[in-house]
Amino acid sequence: MTYFGMTLQLRDDAEGIERYKDYHAKPWPVVRSALREVGVTGMRIFLDGRRLFMYLEAVDGFDPVRDFARTMEDPGYAEWEELMRTLQEQFPDAAPGEWWRRMEPVFDLSQHPAD
(Lines give C-alpha, C1' and ligand atoms only; values in the text may rest on other atoms or scores of the structure.)
Protein backbone atom coordinates (compact mmCIF):
# COMPACT_ATOMS: atom_id res chain seq x y z
CA MET A 1 0.00 0.00 0.00
CA THR A 2 1.07 3.55 -0.65
CA TYR A 3 -0.44 6.75 0.71
CA PHE A 4 -0.67 10.40 -0.22
CA GLY A 5 -1.66 13.67 1.42
CA MET A 6 -3.09 16.16 -1.03
CA THR A 7 -4.63 19.60 -0.69
CA LEU A 8 -6.91 21.91 -2.61
CA GLN A 9 -9.18 24.80 -1.75
CA LEU A 10 -12.81 25.48 -2.42
CA ARG A 11 -14.05 28.70 -3.95
CA ASP A 12 -14.93 31.44 -1.49
CA ASP A 13 -18.66 30.71 -1.62
CA ALA A 14 -20.51 29.48 1.50
CA GLU A 15 -23.31 27.95 -0.57
CA GLY A 16 -20.82 26.17 -2.83
CA ILE A 17 -18.98 24.77 0.18
CA GLU A 18 -22.25 23.33 1.51
CA ARG A 19 -22.99 21.84 -1.92
CA TYR A 20 -19.53 20.24 -1.97
CA LYS A 21 -20.20 18.67 1.43
CA ASP A 22 -23.64 17.46 0.31
CA TYR A 23 -22.22 15.85 -2.85
CA HIS A 24 -19.59 14.03 -0.82
CA ALA A 25 -22.14 12.83 1.74
CA LYS A 26 -23.68 10.83 -1.13
CA PRO A 27 -21.03 10.33 -3.82
CA TRP A 28 -22.22 8.87 -7.08
CA PRO A 29 -21.70 5.08 -7.42
CA VAL A 30 -19.73 5.59 -10.64
CA VAL A 31 -17.25 7.77 -8.73
CA ARG A 32 -16.70 5.17 -6.02
CA SER A 33 -16.26 2.36 -8.52
CA ALA A 34 -13.91 4.36 -10.81
CA LEU A 35 -11.65 5.21 -7.87
CA ARG A 36 -11.48 1.58 -6.78
CA GLU A 37 -10.86 0.47 -10.35
CA VAL A 38 -7.70 2.59 -10.66
CA GLY A 39 -6.31 1.33 -7.34
CA VAL A 40 -7.62 3.64 -4.63
CA THR A 41 -8.29 1.55 -1.53
CA GLY A 42 -9.13 4.34 0.90
CA MET A 43 -9.87 8.04 0.75
CA ARG A 44 -10.74 10.61 3.37
CA ILE A 45 -11.31 14.30 2.69
CA PHE A 46 -11.20 16.85 5.51
CA LEU A 47 -12.34 20.46 5.37
CA ASP A 48 -11.01 23.48 7.28
CA GLY A 49 -12.62 26.71 6.13
CA ARG A 50 -12.03 26.54 2.39
CA ARG A 51 -9.03 24.21 2.51
CA LEU A 52 -9.48 20.53 1.72
CA PHE A 53 -7.03 17.85 2.80
CA MET A 54 -7.28 14.42 1.21
CA TYR A 55 -5.66 11.35 2.71
CA LEU A 56 -5.45 8.70 0.02
CA GLU A 57 -4.45 5.05 0.29
CA ALA A 58 -3.78 3.09 -2.88
CA VAL A 59 -2.16 -0.03 -4.22
CA ASP A 60 1.61 -0.06 -4.61
CA GLY A 61 2.66 1.64 -7.83
CA PHE A 62 -0.31 4.04 -7.84
CA ASP A 63 0.57 7.34 -9.48
CA PRO A 64 -1.96 10.13 -8.82
CA VAL A 65 -1.28 11.95 -12.09
CA ARG A 66 -1.49 8.86 -14.27
CA ASP A 67 -4.20 6.98 -12.41
CA PHE A 68 -6.61 9.84 -11.66
CA ALA A 69 -6.43 10.67 -15.39
CA ARG A 70 -7.68 7.13 -16.10
CA THR A 71 -10.86 7.80 -14.10
CA MET A 72 -11.78 10.46 -16.65
CA GLU A 73 -12.28 7.72 -19.25
CA ASP A 74 -15.61 7.02 -17.56
CA PRO A 75 -18.19 9.61 -18.71
CA GLY A 76 -19.98 9.51 -15.34
CA TYR A 77 -16.78 10.18 -13.44
CA ALA A 78 -15.83 12.94 -15.89
CA GLU A 79 -19.22 14.59 -15.23
CA TRP A 80 -18.60 14.42 -11.45
CA GLU A 81 -15.13 15.89 -11.85
CA GLU A 82 -16.42 18.74 -14.01
CA LEU A 83 -19.07 19.50 -11.39
CA MET A 84 -16.51 19.44 -8.54
CA ARG A 85 -14.22 21.82 -10.40
CA THR A 86 -16.99 24.43 -10.42
CA LEU A 87 -16.69 24.41 -6.60
CA GLN A 88 -12.89 24.22 -6.34
CA GLU A 89 -9.95 26.43 -7.26
CA GLN A 90 -6.23 25.93 -7.62
CA PHE A 91 -3.84 27.31 -5.06
CA PRO A 92 -2.00 30.40 -6.29
CA ASP A 93 1.34 28.54 -6.16
CA ALA A 94 0.08 25.40 -7.92
CA ALA A 95 2.05 24.21 -10.93
CA PRO A 96 0.39 24.51 -14.35
CA GLY A 97 -2.17 21.72 -14.66
CA GLU A 98 -1.87 20.80 -10.99
CA TRP A 99 -5.22 20.51 -9.23
CA TRP A 100 -4.92 18.46 -6.03
CA ARG A 101 -1.47 19.48 -4.78
CA ARG A 102 0.64 16.69 -3.31
CA MET A 103 1.94 17.33 0.17
CA GLU A 104 5.30 16.18 1.51
CA PRO A 105 5.03 13.61 4.31
CA VAL A 106 7.02 14.78 7.34
CA PHE A 107 5.91 12.43 10.14
CA ASP A 108 4.61 8.87 10.38
CA LEU A 109 4.13 7.40 13.85
CA SER A 110 4.40 3.87 12.46
CA GLN A 111 8.03 4.65 11.52
CA HIS A 112 8.96 5.16 15.18
CA PRO A 113 9.08 2.19 17.54
CA ALA A 114 7.31 2.42 20.88
CA ASP A 115 9.46 3.60 23.76
Side-chain angles (χ1 to χ4, degrees):
M1 178 185 72
T2 188
Y3 63 91
F4 302 88
M6 304 174 89
T7 190
L8 178 71
Q9 67 185 24
L10 295 175
R11 296 185 189 277
D12 191 6
D13 172 12
E15 183 179 309
I17 291 169
E18 288 306 311
R19 286 187 19 235
Y20 186 89
K21 289 165 45 175
D22 290 344
Y23 280 121
H24 283 80
K26 296 178 184 170
W28 300 351
V30 67
V31 171
R32 297 188 316 260
S33 63
L35 289 170
R36 289 183 178 111
E37 192 172 304
V38 299
V40 175
T41 59
M43 178 185 284
R44 292 176 178 86
I45 299 176
F46 301 86
L47 176 65
D48 178 29
R50 295 174 48 212
R51 176 171 278 210
L52 295 172
F53 166 73
M54 177 170 54
Y55 174 77
L56 174 74
E57 294 176 348
V59 297
D60 287 337
F62 181 87
D63 178 288
V65 173
R66 178 194 66 218
D67 295 319
F68 280 138
R70 290 178 35 222
T71 62
M72 298 298 284
E73 296 168 6
D74 184 299
Y77 188 95
E79 181 183 352
W80 170 272
E81 187 66 21
E82 184 178 319
L83 178 60
M84 292 305 106
R85 293 224 175 168
T86 67
L87 304 171
Q88 304 166 338
E89 65 184 24
Q90 291 177 289
F91 280 109
D93 60 345
E98 181 179 50
W99 205 252
W100 279 95
R101 185 174 175 88
R102 284 179 67 173
M103 300 175 81
E104 176 185 2
V106 295
F107 176 76
D108 182 345
L109 182 62
S110 69
Q111 300 295 314
H112 302 274
D115 296 330

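These values consider heavy atoms only, across backbone and side chains, with no hydrogens, waters or symmetry-generated copies.
Legend: residues meeting side-chain hydrogen bond (donor to acceptor under 3.5 Å, both in side chains) with Tyr23, ordered by chain and number and at least two apart, are absent. With sequence neighbours excluded, the residues satisfying ring-ring contact (aromatic ring centres under 6.0 Å, His included) with Phe68 are Phe62. Arg11 pairs by the side-chain hydrogen bond (donor to acceptor under 3.5 Å, both in side chains) definition with nothing, not counting sequence neighbours. Residues satisfying the salt bridge (Lys or Arg N to Asp or Glu O under 4.0 Å) test with Glu98, not counting sequence neighbours, are Arg101. Applying the salt bridge (Lys or Arg N to Asp or Glu O under 4.0 Å) rule to Glu18 yields the partners Lys21; only residues at least two apart in sequence or on another chain are considered. Asp74 pairs by the salt bridge (Lys or Arg N to Asp or Glu O under 4.0 Å) definition with nothing, not counting sequence neighbours. When the salt bridge (Lys or Arg N to Asp or Glu O under 4.0 Å) test is applied to Arg85, the partners found at least two apart in sequence or on another chain are Glu81. Qualifying side chain to side chain contact (heavy atoms under 4.5 Å, CB included) partners for Asp13, counting only residues two or more places apart in sequence or in other chains: Glu15.
Although no hydrogens or angles enter the test, the distance criterion places a donor-acceptor pair under 3.5 Å between the side chain of Thr7 and the main chain of Leu52.
Met103 and Leu10 are not part of a single hydrophobic cluster, where members link through side-chain heavy atoms under 4.5 Å apart. Linking Ile, Leu, Val, Met, Phe, Trp and Tyr residues whenever their side-chain heavy atoms come within less than 4.5 Å leaves Ile45 and Tyr3 in two separate clusters. Hydrophobic clustering (side-chain heavy atoms under 4.5 Å, transitive across Ile, Leu, Val, Met, Phe, Trp, Tyr) keeps Phe53 apart from Met6. Grouping the Ile, Leu, Val, Met, Phe, Trp and Tyr side chains by contacts below 4.5 angstrom, directly or via other members, places Leu83 with Val30.
Among pairs with a residue in residues 91-115, those fulfilling ring pair (Phe, Tyr, Trp, His ring centres under 6.0 Å) read Phe107-His112, at least two apart in sequence or across chains. Under the side-chain hydrogen bond (donor to acceptor under 3.5 Å, both in side chains) criterion, the residue pairs touching residues 45-55 are Arg50-Glu89, Tyr55-Glu57, with sequence neighbours excluded. Sorted by first then second residue, the side-chain hydrogen bond (donor to acceptor under 3.5 Å, both in side chains) pairs that include residues 30-41, not counting sequence neighbours, number zero.
By the 4.5 Å heavy-atom criterion applied to side chains, Pro105 and Phe4 are not counted as neighbours. Between Leu47 and Ile17, the closest side-chain pair of non-hydrogen atoms falls below 4.5 Å. Counting only heavy atoms from C-beta outward, the side chains of Phe46 and Met54 never approach each other to under 4.5 Å.
Heavy atoms only, all atoms of each residue included: Thr2 and Val59 are closest at CG2-O, 3.3 Å.
Distance check, rounded to the nearest 0.5 Å: CG of Leu8 to CE of Met84 gives 11.5 Å.
Within a 6.0 Å radius of CZ in Arg66, more than 12 heavy atoms belonging to other residues, nucleotides or ligands are found.
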